[in-house]
Amino acid sequence: MKLKSMITIAPLALLAACGGSGGDSASQSGSASGNEKPSAASATTTQPEPAAASSAETAPPAFAICRSCHSVEAGRNGVGPTLHGIVGSKAGDVAGFPFSSALRQSGITWDRQALDTWLQGPMKMVPGTRMVIAVPDPVKRAEIIDYLEKQK
């Protein structure tokens, strides 16, 4: 019974760690109500969806943590922005996503090096960003970046 509870809670904890998609901290705190129905529904989105399966290739296992908040479907933002076409784009420049001012003003262009540094510690690279999840394993980071390069 404890294992089932852990499996249910783990994706919700990841979603909570990613931060809100609101434009400012006031709107984020407003979205953190005690209503668990949206959170429970969003936990089911951590599984591969048809749009992700139809992408250029199947996502590597390392991308599973990214999928908790991000989509690779063009125009489909979630807790985090879509990652479709992210390689070569400017940070904070995904239509319809309310980025932190810190990320919008960072001047970063997402190339392999910038993505690798970002994935090592988003808050270290851009203090004030809302993304908190890091990928410390360099092999996993490379797999994620290789996959993102194909999402055009």
field: Donor-acceptor contact below 3.5 Å, side chain N77 vs main chain A95
entry: yes

message: Do W118 and L103 have side chains that approach each other closer than 4.5 Å (heavy atoms only, starting at C-beta)?
response: yes

Member of V135, D146, L115 meeting the side-chain contact (heavy atoms from CB on, under 4.5 Å) criterion with R141: V135

field: Nearest atoms (heavy-atom pairs only) where F99 meets V94
entry: CE1-N, 3.5 Å

- prompt: Which distance, rounded to the nearest 0.5 Å, do you find between the CD1 of I86 and the CD of Q151?
  reply: 11.5 Å

statement: Taken to the nearest 0.5 Å, the spacing of E149 CD from I145 CD1 works out to 7.5 Å

query: Would you say the side chain of L148 lies within less than 4.5 Å of the side chain of F63, judging by non-hydrogen atoms?
result: yes

query: What distance separates C66 SG from I144 CD1, expressed to the nearest 0.5 Å?
result: 4.0 Å

- request: Give a yes or no on whether the backbone of T82 and the side-chain of H70 come within a donor-acceptor separation of less than 3.5 Å.
  value: no

- prompt: Taking C-beta and beyond as the side chain, do I108 and M125 meet within less than 4.5 Å on heavy atoms?
  reply: yes

Heavy-atom closest contact (S106 atom, A91 atom, distance): OG-CB, 3.6 Å

- request: Measure across R130 and S100 and return the closest heavy-atom pair with its distance rounded to 0.1 Å.
  value: NH2-N, 3.5 Å

H84 and R76, any side-chain heavy atoms less than 4.5 Å apart: no

query: Which pair of heavy atoms, one from G96 and one from P98, lies closest together, and at what distance?
result: O-CD, 3.8 Å

- prompt: Closest heavy-atom contact between M131 and I133?
  reply: CE-O, 3.4 Å

